[in-house]
Amino acid sequence: MNFKWIGSAFLCSVMAFACGGGGGGGGSGVDADVALLDVTAGEAGDVCDYIINLQEQPERTVDCGDGTTVTVGTTAAQAAEDIADCTTDLQAVAADCAATVGDLEACFEDLSSASDAELCSDAPLPAACAPVFPCLGG
C-alpha cells in the first residue's frame, strides 16, 4: 500500500480514516492499549470521531499532476456519516487483528499530517499503519 492509494481510496471515504501511548487514553480518550477487537460500540464512536475529525475541513482536492486527484478533508455534514460508518467498520475488524486503539490513532495522525506531495506519491504508508491495515475490511 502507498500514499496515493490511501489518498484516493481511503482518505476520501470513511476509511479515509489517529497517538496514543501505552496505558493512557489517546487523542480519542479511549485507552490506547485496548485491542481493536475489544472496542465497545461507545469506544468505537469516540475513536472514529477523533480520527475522522483529524481530516482538515473543508474538503479539498489535490491535483497530483499525473491525471490523479486526491480528495482530502471532509465537510461537517459528511463527517457525521463518516463517523457512523467508521464505528460500524471498527466493530468488524478481522478476527486475527492484533492492533490497538493506539496503533489506529497513531496511523491516522501520521496520515493526517501527510503533505500534498506525500499524498500524491507512491511512497509506502507510514510505519505506524503497518499493524492497522491488515485488520480493516476483515
Side-chain angles (χ1 to χ4, degrees):
M1 259 183 242
N2 59 50
F3 268 107
K4 190 181 289 183
W5 178 88
I6 214 62
S8 39
F10 191 75
L11 289 177
C12 63
S13 71
V14 64
M15 299 301 278
F17 309 46
C19 184
S28 66
V30 176
D31 187 324
D33 291 333
V34 172
L36 292 182
L37 283 172
D38 296 331
V39 170
T40 66
E43 290 169 334
D46 291 343
V47 170
C48 289
D49 182 69
Y50 176 68
I51 64 176
I52 296 300
N53 284 299
L54 282 171
Q55 299 178 68
E56 68 181 62
Q57 293 183 26
E59 180 179 89
R60 67 186 179 87
T61 301
V62 177
D63 183 348
C64 295
D66 61 357
T68 302
T69 59
V70 177
T71 302
V72 295
T74 189
T75 63
Q78 186 63 44
E81 183 179 323
D82 290 348
I83 291 166
D85 290 344
C86 170
T87 300
T88 299
D89 292 343
L90 193 54
Q91 301 255 266
V93 296
D96 61 348
C97 178
T100 65
V101 167
D103 294 331
L104 182 66
E105 291 180 353
C107 172
F108 286 100
E109 286 174 351
D110 286 357
L111 288 172
S112 72
S113 65
S115 68
D116 288 359
E118 289 171 319
L119 290 172
C120 288
S121 78
D122 288 325
L125 292 173
C129 294
V132 175
F133 280 91
C135 295
L136 304 177

Inset, instruction - Begin from the C-alpha positions of Val101 and Asp31 and carry the test side chain to side chain contact (heavy atoms under 4.5 Å, CB included) through to its verdict. - result: CA-CA 7 Å; Val101 167; Asp31 187 324; over 6 Å; no
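- Remark: side-chain polar atoms of Gln91 are paired, donor with acceptor, to backbone N or O of Val39 under 3.5 angstrom.
- Annotation for Val70 and Leu119: closest pair CG2-O, 4.2 Å, computed over non-hydrogen atoms.
- To the nearest 0.5 Å, atom CG of residue Asp85 and atom CG of residue Leu90 are 12.5 Å apart.
- Side-chain contact between Arg60 and Asp116: present, with at least one pair of heavy atoms (C-beta onward) separated by less than 4.5 Å.
- Closest approach of Ala79 and Thr74 over heavy atoms only: N-OG1, 3.5 Å.
- Scanning both residues, Thr87 and Gly45, for their nearest heavy atoms gives OG1-CA, 3.5 Å.
- Nearest heavy atoms, Pro134 versus Ala130: CD-O, 3.1 Å.
- Scored by the side-chain contact (heavy atoms from CB on, under 4.5 Å) test, Asp49 finds Asn53, Ile83 as partners (sequence neighbours excluded).
- Closest heavy-atom contact between Leu37 and Cys97: CD1-O, 3.4 Å.
- The closest donor-acceptor contact from the side chain of Thr100 to the backbone of Ala32 lies under 3.5 Å.
- Once rounded to the nearest 0.5 Å, the distance linking SG of Cys129 with CG of Asp103 reads 10.0 Å.
- Atom CG in Asp38 sits 11.5 Å away from atom CG in Asp33 (nearest 0.5 Å).
- When atom types are taken as modelled, the side chain of Glu43 and the backbone of Thr40 share a donor-acceptor pair closer than 3.5 angstrom.
- Here CG of Leu104 is found 4.5 Å from CD1 of Ile51. Values are rounded to the nearest 0.5 Å.
- Residues Pro131 and Ala99 come closest through the heavy atom pair O-CB, 3.3 Å.
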